[in-house]
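The structure under discussion appears below in the form of structure tokens.
We use all heavy atoms of the structure for the numbers below, so side chains are in, but hydrogens, waters and symmetry mates are not.
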Amino acid sequence: MAKKTIRLLMPQWQGGYNPNYSFGAELLAWLAPDNDQPLIHVPVQAYDGTPLENENGMNGRKQLLEQLEAAQHIINAHKPDRIVMFGGDCLVEQAPFAYLNERYGGELGLIWIDAHSDLVRYVGYDNGHTLPLGNLLGEGDEEFAKHVKIPLKPENIFIAGLAAPTEQETEVISEAFQRLGIAPAEQDTEVIQRLGIKTAGTKELTNSTESIKEWIKESGIKHLAIHLDLDVLDPKAFRSLLFANPEAPYNYSPAGTMQMPQLLNLIKELSEETDVVGLGITEHMPWDSINLKNLLGEIPILNK
């Protein structure tokens with residue numbers, strides 16, 4: 001029997017507190033190959049210029065919870081075997097991956113291809129997109145973690161492409177944090193060690209992906225979901241990233257270093273090793289298209 005696959009477009013921006021994530025998600029869905037998989041829009045409250053309210057340490061908490069529940073409702077109504085998610089900030093991954101873990105008896109494998117772990121809260125940088133993996137593990141934010149009926153097993157998670165900041169990046173990030181009063185509640189390295197989550201940096205994976213293949217075999221992973229935060233890519237080579245903002249540098253975390261051919265090779269190898277049942281692509285920030293869209297929006301003859 002053919003597997004039922006759905007695509008979700010969730011142009012959520014509140015998790016990163018950046019309205020540009022919405023347009024990035026829409027363009028991402030448009031760019032994806034066309035096929036017979038239905039594309040379903042998850043309703044997201046559009047940015048109207050109103051600042052997000054900080055609710056119990058998270059900006060836009062109410063909106064984010066409502067949007068999470070909307071995604072859950074859609075997924076449960078369709079009961080798919082496979083899900084593709086176009087985001088949006090990284091928090092869009094919670095609903096599909098939590099569902100898939102239930103669908104596959106709590107044994108889902110998850111590879112988190114990301115320059116950042118998305119495990120911990122940064123007090124003072126109260127954006128929900130720093131916590132989706134923590135939520136999926138039953139940690140993270142208590143209110144969001146409650147929506148994960150079966151937390152993923154730490155041994156079934158592999159973080160690939162995790163960026164280790166250079167000495168210079170560490171100084172810049174530290175200065176930016178001090179200036180804004182940001183402090184991690186718990187270092188992500190502490191959480192990774194405490195839970196025993198396997199990781200590999202981009203450099204290690206350049207030489208070989210054997211560590212990931214061994215993890216799949218040793219953990220007996222039959223069904224795998226892939227989280228792809230485009231921030232894992234090198235912003236010097238791929239410019240449609242938060243880190244490649246032509247107007248202002250982003251100094252709150254280290255940039256990714258992965259190259260596009262390496263990323264594609266990794267995903268293809270994973271697809272050969274086991275059954276990929278989920279793919280989420282997030283944090284697309286197409287600056288040239290964003291700036292051109294804004295310019296076109298101001299041209300009189302196009303707006304009469």
Side-chain angles (χ1 to χ4, degrees), residues 11-28 31 44-54 57-60 63-64 86-92 114-118 120-132 161-184 188 202 228-260 263 281-299:
Q12 181 169 278
W13 58 273
Q14 294 93 337
Y17 206 159
N18 191 327
N20 289 320
Y21 280 132
S22 291
F23 179 59
E26 291 161 2
L27 184 56
L28 194 62
L31 287 167
V44 168
Q45 187 169 324
Y47 179 66
D48 62 3
T50 306
L52 292 177
E53 184 178 343
N54 189 311
M58 184 179 293
N59 296 315
Q63 292 177 20
L64 288 167
F86 299 113
D89 61 69
C90 286
L91 199 56
V92 304
D114 202 322
H116 317 106
S117 71
D118 295 341
V120 297
R121 176 187 304 283
Y122 290 83
V123 179
Y125 180 80
D126 298 326
N127 293 334
H129 71 157
T130 67
L131 284 168
L162 193 63
T166 64
E167 191 172 323
Q168 183 179 4
E169 284 177 327
T170 300
E171 288 181 14
V172 172
I173 292 167
S174 179
E175 287 174 8
F177 275 21
Q178 288 177 9
R179 188 168 61 251
L180 296 176
I182 298 172
D188 60 351
T202 294
L228 170 56
D229 182 341
L230 293 171
D231 282 350
V232 77
L233 292 166
D234 182 348
K236 296 188 292 294
F238 182 70
R239 306 296 298 164
S240 297
L241 303 173
L242 187 64
F243 292 85
N245 187 343
E247 301 296 328
Y250 185 84
N251 294 325
Y252 304 112
S253 54
T257 57
M258 194 173 288
Q259 304 299 311
M260 194 85 74
L263 173 61
I281 310 175
T282 62
E283 312 230 341
H284 181 217
M285 195 67 76
W287 292 112
D288 288 345
S289 296
I290 290 165
N291 292 330
L292 180 59
K293 184 174 187 287
N294 292 338
L295 182 145
L296 295 173
E298 296 294 327
I299 295 176

Taking [X] for the side chain and [Y] for the main chain, is one N or O donor matched with an acceptor at less than 3.5 Å?
{"X": "His116", "Y": "Pro254", "value": "yes"}
{"X": "Ser22", "Y": "Pro11", "value": "yes"}
{"X": "Gln259", "Y": "Thr257", "value": "yes"}
{"X": "Trp13", "Y": "Ala46", "value": "no"}
{"X": "Thr130", "Y": "Val120", "value": "yes"}

Any side-chain heavy atom of [X] sitting closer than 4.5 Å to one from [Y]?
{"X": "Gln12", "Y": "His129", "answer": "no"}
{"X": "Cys90", "Y": "Asp114", "answer": "yes"}
{"X": "Leu242", "Y": "Tyr21", "answer": "yes"}
{"X": "Ser253", "Y": "Phe243", "answer": "yes"}
{"X": "Asn294", "Y": "Phe23", "answer": "no"}
{"X": "Asp288", "Y": "Arg239", "answer": "no"}
{"X": "Gln14", "Y": "Val44", "answer": "yes"}

To the nearest 0.5 angstrom, please state how far the [atom1] atom of [X] sits from the [atom2] atom of [Y].
{"X": "Asp118", "Y": "Thr282", "atom1": "CG", "atom2": "OG1", "result": "7.5 Å"}
{"X": "Asp188", "Y": "Tyr122", "atom1": "CG", "atom2": "OH", "result": "5.0 Å"}
{"X": "Met258", "Y": "Leu233", "atom1": "CE", "atom2": "CG", "result": "7.5 Å"}
{"X": "Met260", "Y": "Leu263", "atom1": "CE", "atom2": "CG", "result": "7.5 Å"}
{"X": "Leu28", "Y": "Phe86", "atom1": "CG", "atom2": "CZ", "result": "6.0 Å"}

Which heavy atom of [X] sits nearest to which heavy atom of [Y], and what is that distance?
{"X": "Leu230", "Y": "Glu283", "answer": "CB-O, 4.2 Å"}
{"X": "Ala115", "Y": "Leu162", "answer": "O-CD1, 3.6 Å"}
{"X": "Ser289", "Y": "Leu27", "answer": "OG-CD2, 4.0 Å"}
{"X": "Gly88", "Y": "Ala25", "answer": "N-CB, 3.1 Å"}

Quiz item: Do you know which of Asn59, Asp89, Asn18 makes side-chain hydrogen bond (donor to acceptor under 3.5 Å, both in side chains) with Asn127?
Solution: Asn59
Exercise. With sequence neighbours excluded, give me every salt bridge (charged side-chain N to carboxylate O under 4.0 Å, His left out) pair touching residues 229-238.
Key: Asp234-Lys236
